[in-house]
Structures are given as C-alpha cells and as structure tokens.
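Shown next, in structure tokens, is the structure this report addresses.
Residue numbers start from 1 in every chain, and the chains themselves are labelled A, B, ... in the order their sequence lines are given, proteins ahead of strands.
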Amino acid sequence: MQPSNKASPMTQIWHIVSMIPEGKVCSYGKVADLAGLPGRARYVSRALKAAPSELALPWHRVINSQGKISFAEHSEPFIEQMQRLRSEAIIVNRGRVKLAEYEWRPDLATLVLSMPF
DNA sequence: CAGGTGACCTTAA
DNA sequence: GTTAAGGCCACCT
C-alpha cells in the first residue's frame, strides 16, 4: 500500500503558487480556480499563512483581483511583499501592480500534467 | 451552538 | 478611476 500522498486542498494551493513564475503575479481567486477550488479565494490566503517556510513559496506573487497587495498599507508584510515584487522588476505603485502587464497566464495542459495525483 | 473575523471576489453605484 | 454591499467559508471565541 502506498503511503497516502493524496493532494489536500491546501497542498493543491501550495502547488499552484509554486508554479507562478518570477516576474508574474496571480490573484487569490485565480489560484483557487486553478487548484480546483472555485470561489475559495479566502482559503488561499489561509493556506499561504499556514504554509511552512521551508517550502519557500513565492507568496509575494499572489495579490488580490484588483492587482493590489492585500496586507494593510505600510504594515510590515506589506512592505516586504512590495520589496520582493520590485526585486523581480515588477513595478508597484501605491501597493498596486498593473495586471495587464504582469498577470500569469498559465498553459493549462502543462499545469494539469504537473499536478500531483 | 451563535457570532465574529479575514493576505478575497463580484457587482453595482 | 473609487467605494460599498453582499457573498463566501474555514477557524476561532
């Protein structure tokens, strides 16, 4: 019997986030959709908060549907996220990035093949 | 069990 | 371009 490595919803979310490429961003809602959890954007934020730091997920590439950083402006995590985005040559103005320019558009076929069973 | 909360989203002003 | 309201759902009091 194989050890149960079935993907939990949270694991799925971590997996999707890990695939966002450098220099691109993705909204919480989109991550939820891609993880097979439509309408569960808030679950994505919880999953990120719960993610072990050893995973080194690119959590800073996840923003809200308006292209804005969802942490309170000027808060510590807000500033860190902005710095991380800028370090990838992403332009951030008033805590917002231009989605038309930076939104991740994954190839769905490739994505499906990368999914854990 | 009931109510509050939040790293959200869509819609309608 | 903005904000406000309603919806959402796992977690915590």
Side-chain angles (χ1 to χ4, degrees):
Chain A
M1 197 78 92
Q2 292 265 355
S4 173
N5 64 339
K6 72 176 178 184
S8 71
M10 194 149 72
T11 301
Q12 285 281 26
I13 289 169
W14 293 344
H15 182 72
I16 296 295
V17 171
S18 76
M19 307 213 61
I20 307 173
E22 185 175 340
K24 293 293 176 185
V25 298
C26 190
S27 73
Y28 296 89
K30 190 75 156 307
V31 170
D33 288 347
L34 293 171
L37 302 164
R40 309 287 196 82
R42 303 194 94 127
Y43 187 52
V44 173
S45 64
R46 284 196 302 273
L48 288 182
K49 183 158 31 178
S53 56
E54 305 88 74
L55 286 184
L57 290 180
W59 56 269
H60 56 285
R61 298 177 189 145
V62 184
I63 57 179
N64 70 28
S65 64
Q66 299 180 37
K68 295 203 295 185
I69 291 173
S70 279
F71 290 110
E73 241 182 308
H74 306 309
S75 68
E76 178 123 26
F78 175 95
I79 291 168
E80 183 181 353
Q81 184 166 10
M82 184 165 63
Q83 287 174 340
R84 281 174 175 244
L85 290 171
R86 285 177 171 159
S87 79
E88 300 185 352
I90 293 175
I91 296 172
V92 187
N93 278 327
R94 296 195 219 97
R96 177 183 307 183
V97 309
K98 204 172 185 178
L99 285 179
E101 201 167 334
Y102 300 111
E103 189 175 30
W104 178 40
R105 289 174 183 81
D107 178 74
L108 294 185
T110 302
L111 197 60
V112 166
L113 291 178
S114 78
M115 295 291 241
F117 285 37

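Of the residues in residues 26-36 of chain A, S27(A), Y28(A), G29(A) come within less than 4.0 Å of DNA chain B through at least one heavy atom, sorted by number. Remark: K49(A), W59(A), N64(A), S65(A), S70(A), F71(A) in residues 49-71 of chain A come within less than 4.0 Å of DNA chain B through at least one heavy atom.
With values rounded to the nearest 0.5 angstrom, E101(A) atom CD is found 8.0 Å from K24(A) atom NZ. Once rounded to the nearest 0.5 Å, the distance linking CE of M82(A) with CD1 of I90(A) reads 13.0 Å.
A heavy-atom distance below 4.5 Å is not found between the side chains of K30(A) and I16(A). Considering only heavy atoms from C-beta on, L99(A) comes within 4.5 Å of I63(A) through its side chain. With a 4.5 Å cut-off on side-chain heavy atoms, R42(A) and Y28(A) do not count as touching. Between S114(A) and M19(A), some side-chain heavy-atom pair lies under the 4.5 Å cut-off.
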Kindly list each side-chain donor-acceptor pair under 3.5 angstrom involving residues 68-76 of chain A, sequence neighbours excluded, with atom names and distances?
residue : atom : partner : partner atom : Å
S70(A)  : OG   : N64(A)  : ND2          : 3.4
S75(A)  : OG   : A72(A)  : O            : 2.7
S75(A)  : OG   : F78(A)  : N            : 3.3

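Mapping heavy-atom proximity under 4.0 Å, the span of DNA chain B touched by chain A runs 5' to 3' from dG6(B) to dT10(B).
Using a distance-only test at 3.5 Å, with no hydrogens or angles considered, no donor-acceptor pair links the side chain of Y102(A) to the main chain of R61(A). Remark: the backbone N or O of V62(A) is paired with a side-chain donor or acceptor of Q81(A) at under 3.5 angstrom.
Checked options V112(A), L108(A), I13(A); the residue passing with L34(A) is L108(A) (criterion: side-chain contact (heavy atoms from CB on, under 4.5 Å)).
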note = Whether each nucleotide of nucleotides 6-13 of chain C has a protein heavy atom under 4.0 Å at its base (B), only at its sugar-phosphate (S) or at neither (-) is summarised, 5' to 3', as -BBBB---
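Salt-bridge annotation for E80(A) and R84(A): present, with a side-chain N of the basic residue lying under 4.0 Å from a carboxylate O of the acidic one.
When the side-chain contact (heavy atoms from CB on, under 4.5 Å) test is applied to A51(A), the partners found at least two apart in sequence or on another chain are W14(A), L57(A).
Taking 4.0 angstrom as the limit, R96(A) places a side-chain polar atom (N or O) nearer than this to OP1 or OP2 of dT2(C).
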